[in-house]
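Each remark here refers to the structure printed beneath this line.
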Amino acid sequence: MTAADGPPTPAAGDLGDGAMGNGTIAARLTELADLLEIADANPFRVRAYRSAARTFKGLPKPAAELLIAGTPLTSLKGVGKDLAANVATLLQTGTFDSLEQARDAIPPGVRTMLRLPGLGPKKVGAIFRDLGVDTLEGLEAAIADGSLAGLPGFGKKTGETVLKNLALVREGIARSLLARSLPIAESLADAVRAAAGTTACEPVGSVRRRRETVGDVDLSAASTDPPAAVEAFCTHPLVVEIVERTERTARVRLTVDPGRPTDAELVVNAPAAWGAGLILGTGSKMHVAALRDWLSAADLTLGDDGLRRDGALVDSRTEEAVYAAAGVAFIPPELREGGNGVLRVADLERGGGLPELIAQGDLKGDLHMHTTASDGAGTIREMAAAAKERGLSYIAITDHSKRVTMANGLDADRLRAHWRAIDAANVTTRGVRILKGIECDILEDATLDLPDDVLADADWVVAVLHYGLGQPREQIMKRLTTALESPHVDCIGHPSGRLIGKRPGADIDWDAFLDRAASTGTLLEINAAPERLDLSAEYARAAADRGIPIVINTDAHAPSAVGAATWGVYQARRAGLTADAVANTRDWPAMKALLKRD
DNA sequence: GCCGTTTTCGGCCCGACTGTTTTCAGTCG
């Protein structure tokens, strides 16, 4: 399903050069739709803004380029005179009148409440208008003193659900998705790299470890002229406030999304200590502490002025040199989460070393994507062409099954017709094999959304939970077991159904689930959508340990997203997966041999 | 607010579930 209301993911052209990207346009339109809906505006006006947001998000080219090329925005689907004018103003000035009016009418904290599962715009509107509550804290108080339950349409359960999810939502506000933070960090790093005397600059901290979410954005640099690097950092266009600044460090506040400030920090070291500074900046704290133990066994101390023995500088120009001095192989940043364990595996004296992790570019297929037949923006042929451009040799078209009515899910007849269209596309498509697939819902009553004889004719079936994620563990397990035991289900997609910072996943008995996946020969997906990353690294590791082949898929809803599995590959690396552990690093015949249907 | 006209308003993706009710509005996807 689409996640049109997620935080904007800044695209490459969205930072630094001043032009607002389609992601940000979509975010502003969605913001206005939310505010209007809370204010109880005409629902069709709200829908117009939402549908326009989807249109802009799915555009192959930045809207600003269209305008420059003289293409009127009114030529876009769902964009009329008013919306075109608003977006043009947005591009020129960073905002537009009706957005500002709506922001004046509804405090930012009110929109935040929409992130809570169970609270929609109508309820949030009632909370704001009838109780005057406009923060999460105020909401918590209103539950405690019983005033929330006193509102018409509210009861005991509403408050309970809110309290259950409050911590998750608060964390979602405090921390950004990696997909949002990494481009910001790279843009800042580019500015520092361009400064005189800078020899290197990298994003460090949780960004470099590719954590799912990121608090502050940290950078490490090496330079012969630290003040120049600090100056370049502080004058980046995203910086709105310099919180703290020294000769070789700076802490700044950025504005990317109003109401959600992000802090960024730069530390500049001498080029001779680049590797040492990079390790300290990257962390994690536990990893650095464990590494220091290993170094101290060799009478070495690690500081951001370099690696030293008896005060004398030891080679610490690179991370490799520092790890070598500790007697261990280089440890990729994604594996620096824990303490001593990874260092023991990497112990060179015992002939240790780490397996080579899967890399961006290793994937040969993408087996979860949508077309215009359900809620995607591209046709079968467009998705195939995009896959070819990305260097993939096969894709599976997996539109929604009929239960997902809002996404125009397919029943058996429409699905079979869709598959005939895929057959036809395969005849004329060179270089990419298009597989006949389906994203089949596992219904609340633990049956599959399509009959067996239909599923049997698919090349590839991804079964998923979309609805009833809050069911008790027993029923969730019954549903997953149905899917795992079906001879026609090849893979479970986004197994938990979580949305990071928004919605907890289903209550799964993971040991039982993974054991059953292994015994039935069912593959498991790492869904690469930044707000899903589902399986998590923890369970992807546990799955791989059981020999379950992992599949990394994009869940693309537009041609531009086909094969863009960046975040999923990072997640797999954090799970310590090699290319071999991931099924779709193989070509299709080899991958097909892994399926239970073969 | 958009669209599509039998040109200027009336219709605009939907089905199931949940928690609130006592017949249904709001939420979800």
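Here is how names work: the chains are called A, B, and so on, in the same order as the sequence lines, proteins then strands, and each is numbered from 1. Please read all numbers here as calculations on a predicted model, not as lab measurements.
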So, does A:K436 use its side chain to make a donor-acceptor pair with the main chain of A:R416 at under 3.5 Å?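 No; zero donor-acceptor contacts below 3.5 Å.
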A:E485 backbone acceptor or donor facing A:K596 side chain under 3.5 Å: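 Side chain of A:K596 to backbone of A:E485, a donor-acceptor pair under 3.5 Å: no, none is there.
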[options]: which one has an atom nearest the side-chain heavy atoms of [X]?
| X | options | result |
| --- | --- | --- |
| A:Y49 | B:dG19, B:dG1, B:dT27 | B:dG1 |
| A:Y467 | B:dG19, B:dC2, B:dG15 | B:dG15 |
| A:K123 | B:dC13, B:dT20, B:dG26 | B:dG26 |
| A:R403 | B:dC17, B:dC13, B:dC2 | B:dC17 |
| A:K122 | B:dC2, B:dC14, B:dT27 | B:dT27 |
| A:R47 | B:dC28, B:dC13, B:dC2 | B:dC13 |

In whole Å, I'd like the distance from the CG atom of A:N42 to the C1' atom of B:dG10.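 Nearest whole value for this atom pair: 12 Å.
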Return all side-chain donor-acceptor pairs below 3.5 angstrom for residues 444-453 of chain A, not counting sequence neighbours, or 'none' if the list is empty.
unit_1, atom_1, unit_2, atom_2, d
A:E444, OE2, A:R403, NH2, 2.6
A:D445, OD1, A:T447, N, 3.1
A:D445, OD1, A:T447, OG1, 2.7
A:D449, OD1, A:K402, NZ, 3.0
A:D449, OD2, A:S401, OG, 2.8
A:D449, OD2, A:K402, N, 3.1
A:D449, OD2, A:R403, N, 2.5

For A:P121, report the nucleic acid contact type (base, sugar-phosphate, nothing); a contact means any heavy atom under 4.0 Å.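 Counting heavy atoms under 4.0 Å across all strands, the contact made by A:P121 is with sugar-phosphate only.
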Going by heavy atoms in the side chains, are A:R180 and A:P530 under 4.5 Å from each other? no
